[in-house]
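Just so we're on the same page: letters track the sequence lines, and every chain starts at 1. Values reported hereafter were calculated over all heavy atoms of this structure, with side chains retained and with hydrogens, waters and symmetry mates removed.
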Number of protein chains: 2
Amino acid sequence: MTSTPLTVDPAARPVDAPGPRRGLGVGELRLDGGFWGRLQETNARATFQHCLDWMERLGWLANFDRVADGTTGPDRPGWQFSDSEVYKLLEALAWEHGRTGDPTVDATFRKLVDRVEAAQDDDGYLNTCFGHPGQPGRYTDLSAGHELYCTGHLLQAAVARARTVGPEDRLVAVARRAADHVCREFGAGARAGLCGHPEIEVGLAELGRALDEPRYTEQARLFVERRGHGTLAPVALLSPAYFQDDVPVRDADVWRGHAVRALYLAAGAVDVAVDTHDDDLRAAVERQWARSVERRTYLTGGMGSRHQDEGFGDDWELPPDRAYCETCAGVASVMVSWRLLLATGDVRYADLIERTLYNVVATSPRADGRAFFYANPLQQREPGADVLPDAVNPRAEGGVRAPWFDVSCCPTNVARTLASWQAYAAFVDDGAVVTLAQYAAGDLRVEVAGGELVLRVDTAYPHDGEVRVEVRSAPHGPEPVGGSRAVTLRLRVPHWASQEGGAGATVTGPDGVVRPAAPGWVDVAVREGDVVVLGLPVAPRFSWPDPRVDAARGTVAVERGPLVLALESVDLPDGVALEQVRVDPAVPARVPDDVEHRDGAVVTARVEPLPEVAPGRPPFGPDGTPPESEGPLEPAGSAPVDLPLIPYHRWAERGPSTMRVFVPTV
Amino acid sequence: MTSTPLTVDPAARPVDAPGPRRGLGVGELRLDGGFWGRLQETNARATFQHCLDWMERLGWLANFDRVADGTTGPDRPGWQFSDSEVYKLLEALAWEHGRTGDPTVDATFRKLVDRVEAAQDDDGYLNTCFGHPGQPGRYTDLSAGHELYCTGHLLQAAVARARTVGPEDRLVAVARRAADHVCREFGAGARAGLCGHPEIEVGLAELGRALDEPRYTEQARLFVERRGHGTLAPVALLSPAYFQDDVPVRDADVWRGHAVRALYLAAGAVDVAVDTHDDDLRAAVERQWARSVERRTYLTGGMGSRHQDEGFGDDWELPPDRAYCETCAGVASVMVSWRLLLATGDVRYADLIERTLYNVVATSPRADGRAFFYANPLQQREPGADVLPDAVNPRAEGGVRAPWFDVSCCPTNVARTLASWQAYAAFVDDGAVVTLAQYAAGDLRVEVAGGELVLRVDTAYPHDGEVRVEVRSAPHGPEPVGGSRAVTLRLRVPHWASQEGGAGATVTGPDGVVRPAAPGWVDVAVREGDVVVLGLPVAPRFSWPDPRVDAARGTVAVERGPLVLALESVDLPDGVALEQVRVDPAVPARVPDDVEHRDGAVVTARVEPLPEVAPGRPPFGPDGTPPESEGPLEPAGSAPVDLPLIPYHRWAERGPSTMRVFVPTV
């Protein structure tokens, strides 16, 4: 065991696919504050230790020690998948160290690796729930046992390490042995099994890339191809669609079943498709992405309409109140979209990443980084109960973030995603085009053809729509001495920046000319010293549900830049209930002038008296009147009032409350 | 073993409570055809044998034989609660025999009892899943094992027998031994356990009444009081509210958790409250009923808004598409309301019974009585897949009735409820007032003070609103020779019969005078030879959701008499999708003139073009336009069309389809 600090390679990347585009290494962009920078600080300062403490307290870490010293047994605490939480935290620590070089983080990482490594069997098998005295045998419950799922997360953690300090690492060695074991057990000619919870596919594919080991990619391919033939044993009343075993990946048209499973599988399938040049498979995931986004995705980017199976619903089934929108599904959706973005360059993938990062991933952690949303509904009808700080919660039905869960996949998933936010921010095409896909203030230093490009980004985005990019340094070429080569800076104009009749986006080029910029990519040729300013219209705007979204009929939402807003009961005047509010869409939403509602909006609304409850009758009847369909919208029962909305991602920070994203207009 | 046919007592009643009101015996009213008469015929002709065949095929009946001959073990087929299906079928057969005296039905009943009786242990314990070699021990899984639940259904079956042929019966003897065993095991001073699925409470209370055995009532009381203290061991991620173990029955304000459990518990609690004169407990259930009906009940009377736990949701959480509305919850709701109706005489309970019988209970069975809905959603967004006639289905997610289910509680629950429909139709107050709570053509013969009252009811209800009641015979008293005593005939004018601005209900008395009748009870003094005619306005009418029911905002439903109507895709013009339809509420719904849509309605609608899907974008955005709020409703994109609706209870009889009860107006 060595304790020499390893050198961090700042250009190392989380997913480096074949093809013209390469993602940003986590060390290539340093944020200074701002929306994501502050979340990263809290993540490092609070969340890592919070997760460690809980996993120590619940014995999930000791499970590794007990396997190592031979004392594990049927009394092992935690679900079958608790190992994976340790691996996701390892991944988070690896990225954090890779991004910052912080030796404390590295030390924490190494101490955890000591314990994990000690639990690995001689043949590479590593799992604290199966295969040891007093436990079920290895791979005896592929449908529900999560063994390969856990291994997949182990491999992803090792990839984060390989991508930041290089392949000569103890965790990487552990992962190699585990992956080799999987290949022996599940390779062609061996057992044709697959895991009920996809994840091994993406883990193997990433590790195959990181270590240039085609056997792992091939094993990932086998797992992807094996799914969809109804071979997994049923679990309770769940249908094969629950684990995507109903239709082969390359034949499916839409995501269905458990959302996190569907999305981890899709991420692995894209990796396999890209690495094996399987255009048919890639097109299948693109098709599934499009249909699922168009018909099964919330305004927040959240996916999963049903609590029942934590899964997708039918097309257009998007109830705000019972939205599941699991935090992990948001993370997994970003993983899939990022892969498709690199594979295709299509801006729509970057748009969805932004929507999901701001409105799902950032919604989960409490401001102090020590409590989390598991589900992210778009309406809270009853105030959530207070959560005890020391209790293990169920999956957090109510509208309060909880410190830890019985099934606690979300906190560590948030941790690893925030720690590697840089990886989703930018990419380079053929060494000639540098694309900023997400915006944050900071310094970007990246290799391009001919040398290094250094950019300084100044912005208060999303509070403000101005993004100023200064080319601090660019490669110098064979052109006149002192001049730099031209590099193409590609900026994303988000889809939402198209405002009918309002101010659209603009780009101010190095020539100082302000030009309108339509949504999509906008290219600017830049040289050293140039400044480019992107102007995005972040004024509040109304967003209307498609009429096929039955559950949001007669309502409107308010967005501001990339932020979905919400009306929370604590912002209502005394004596007014959320159910009474009707927004007047004829009066535009506008920017509030108080700090508390910074980044929110103000709308004009009327407060309707609530109808009497008919005693002992279901709440339907002839006494209802049709929605007023005549004449302009008039305040009925009260004068118009101004009501402030807040960013959805910050709701439930001011005590139990009710909340809605879609506010009725009728 | 005797095979002598037993005499049927036509006046025997299902639930005979202390107090002034007694329910009708199943033999006291004979239906001739009509809505319920036809359902009863199909039930007897097809459903009983259908259930028997499935339970034989799946080994659920053989489970009893295997216990009897000592060959049962861990390979026992069926869920822990499969015994209860046998008992519910026994109950159905007992009522059917009691109503008709059919010796074939009696023979089938006796053959089943042979097998059940043989499986009873010497000490009275009777369960095919626990307590025998190779099985878990007795009462080792009170939370999920359903042992006492099964016993409760056994007792209810025995009550049906006791109420129709008397207490000297083999099944009654089996039930006595089982109930005595429960009292020994769970009585005061013995183990203070309770069952995860309520049912033993109502079974014991009914048996206590039927056999005049206060020990059973006391044991039911103990079980009711034990619940609500969080003593049941958790099952998976379900909270204590799932089995109502969160709040004591007498303290709760609303039903929550698993709907069938909540309602069976409430039924038992009412029985206990009435029999022990516990007004506080009775008031608690009345309070829960009112709040749950007002805020957690569908237009159909269906209860249960969530698939996740087959349970109630929050107040106002009533999504049409994800409505669970389990058939069994409908049955259980009728059980509760009937008990409260007898206890209080409040007409609202009878109104809810009617709503639930026509729109939940009658919706479940297919016209041929050989397939059933388990869940009864109010919207089907994707056409249900064809159900294989020979397959055991999951809980029927889709919009197709299935012949049998993995958890198959609903078919036998429908069977026992239809077989005893008469029991919910009428009651007698103090021998002086005869109340018709439900209407059907037939002959009623009932004991009142002074002798027998014989009524002839002629009606095509609910197709037609005229109900003609002729007093064929009435007791003769000490008044002038040849004259009969006056008896009060009490008729129910349903809540829906109040039509603002339209024709309301009328009663034509023996004097030939037509009088308006407000919703509620209307009393008419009648003598032999008198004819009373009730006129109910069954013209189609619009029903509007309370604005707090978010999921139905901007929609309207159509009802006709007691029937909720539905728009089914098979009735739309070619090329028109259900999503395109907008009803014009300014044009009244009217009666169709074709036979196919008998009992339905015709509405005027416009067909909206569907918006383009924005490729790769969630279905929300600035491109939406606010609902038209100016000017009268004009056809947009098409001329107005007439569209027929059908009774909801008959949807999905014409092949896979989409359907909605709440049709958008905006």
Side-chain angles (χ1 to χ4, degrees), chain A residues 237 239 290 293-295 297-299 301 306-308 314 316-317 319 321-322 348 381-382 394-395 406 495 499-500 541-551 553-557 579 585 610-611 613-622 624-627 629-633 664-666, chain B residues 237 239 290 293-295 297-299 301 306-308 314 316-317 319 321-322 348 381-382 394-395 406 495 499-500 541-551 553-557 579 585 610-611 613-622 624-627 629-633 664-666:
Chain A
L237 294 164
S239 77
V293 170
E294 293 155 9
R295 292 167 177 84
T297 299
Y298 284 90
L299 182 63
R306 296 181 177 179
H307 284 239
Q308 185 186 16
D314 290 337
W316 315 114
E317 182 190 323
D321 53 347
R322 296 296 287 165
R348 295 179 306 172
R381 204 178 264 111
E382 303 203 351
R395 292 179 189 176
D406 183 30
H495 179 65
Q499 288 191 310
E500 298 282 332
R541 64 189 188 277
F542 287 122
S543 290
W544 300 94
D546 184 292
R548 282 161 289 206
V549 181
D550 290 304
R553 190 182 311 286
T555 70
V556 69
E579 295 89 337
L610 289 176
V613 169
R617 309 291 176 191
F620 311 89
T625 50
S629 59
E630 285 163 42
L633 199 71
T665 58
V666 293
Chain B
L237 294 165
S239 76
V293 170
E294 292 155 9
R295 293 167 176 83
T297 299
Y298 284 91
L299 182 63
R306 296 181 176 178
H307 283 239
Q308 186 186 14
D314 290 338
W316 315 113
E317 181 190 322
D321 53 347
R322 297 295 288 166
R348 297 179 305 172
R381 203 178 265 112
E382 304 203 351
R395 292 180 191 179
D406 184 31
H495 179 65
Q499 289 191 309
E500 298 282 332
R541 63 189 189 277
F542 287 121
S543 289
W544 301 94
D546 185 291
R548 283 161 287 206
V549 181
D550 290 304
R553 190 181 311 287
T555 70
V556 69
E579 296 89 338
L610 288 175
V613 169
R617 309 290 175 192
F620 311 90
T625 50
S629 59
E630 286 165 41
L633 199 69
T665 59
V666 293

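Side chain of Arg348(B) to backbone of Pro615(A): a donor-acceptor contact under 3.5 angstrom is found. Checking side-chain atoms of Glu294(A) against main-chain N and O of Pro618(B) turns up no donor-acceptor pair under 3.5 Å.
Of the listed residues (Gly301(B), Ala557(B), Pro664(B)), the greatest number of heavy-atom pairs within a distance under 4.5 Å of chain A belongs to Pro664(B). Contacts with chain A were tallied for Leu610(B), Val613(B), Val293(B), Asp321(B); Val293(B) has the most, counting heavy-atom pairs under 4.5 Å.
If you measure heavy-atom distances from Pro319(A) to chain B, you find no contacts under 4.5 Å at all. At a 4.5 Å heavy-atom cutoff, the contact between Glu317(A) and chain B is made by backbone and side-chain atoms alike.
Residues forming a salt bridge (charged side-chain N to carboxylate O under 4.0 Å, His left out) with Asp550(A) (at least two apart in sequence, or on another chain): Arg553(A), Arg381(B), Arg660(B).
Smallest separation of non-hydrogen atoms from Trp544(B) and Pro622(A): CD1-O, 4.5 Å. Closest heavy-atom contact between Pro545(B) and Phe620(A): CA-CD2, 3.6 Å. When all heavy atoms of Val549(B) and Pro619(A) are compared, the closest pair comes out as CG2-CG, 4.0 Å. Scanning both residues, Asp546(A) and Pro611(B), for their nearest heavy atoms gives OD2-CG, 3.7 Å.
Between Arg306(A) and His307(B), the closest side-chain pair of non-hydrogen atoms is not below 4.5 Å.
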- Task: Take Arg617(A) and His495(B) through the test side chain to side chain contact (heavy atoms under 4.5 Å, CB included) and record every step on the way to the result.
- Result: CA-CA 9 Å; Arg617(A) 309 291 176 191; His495(B) 179 65; 3.3 Å; yes
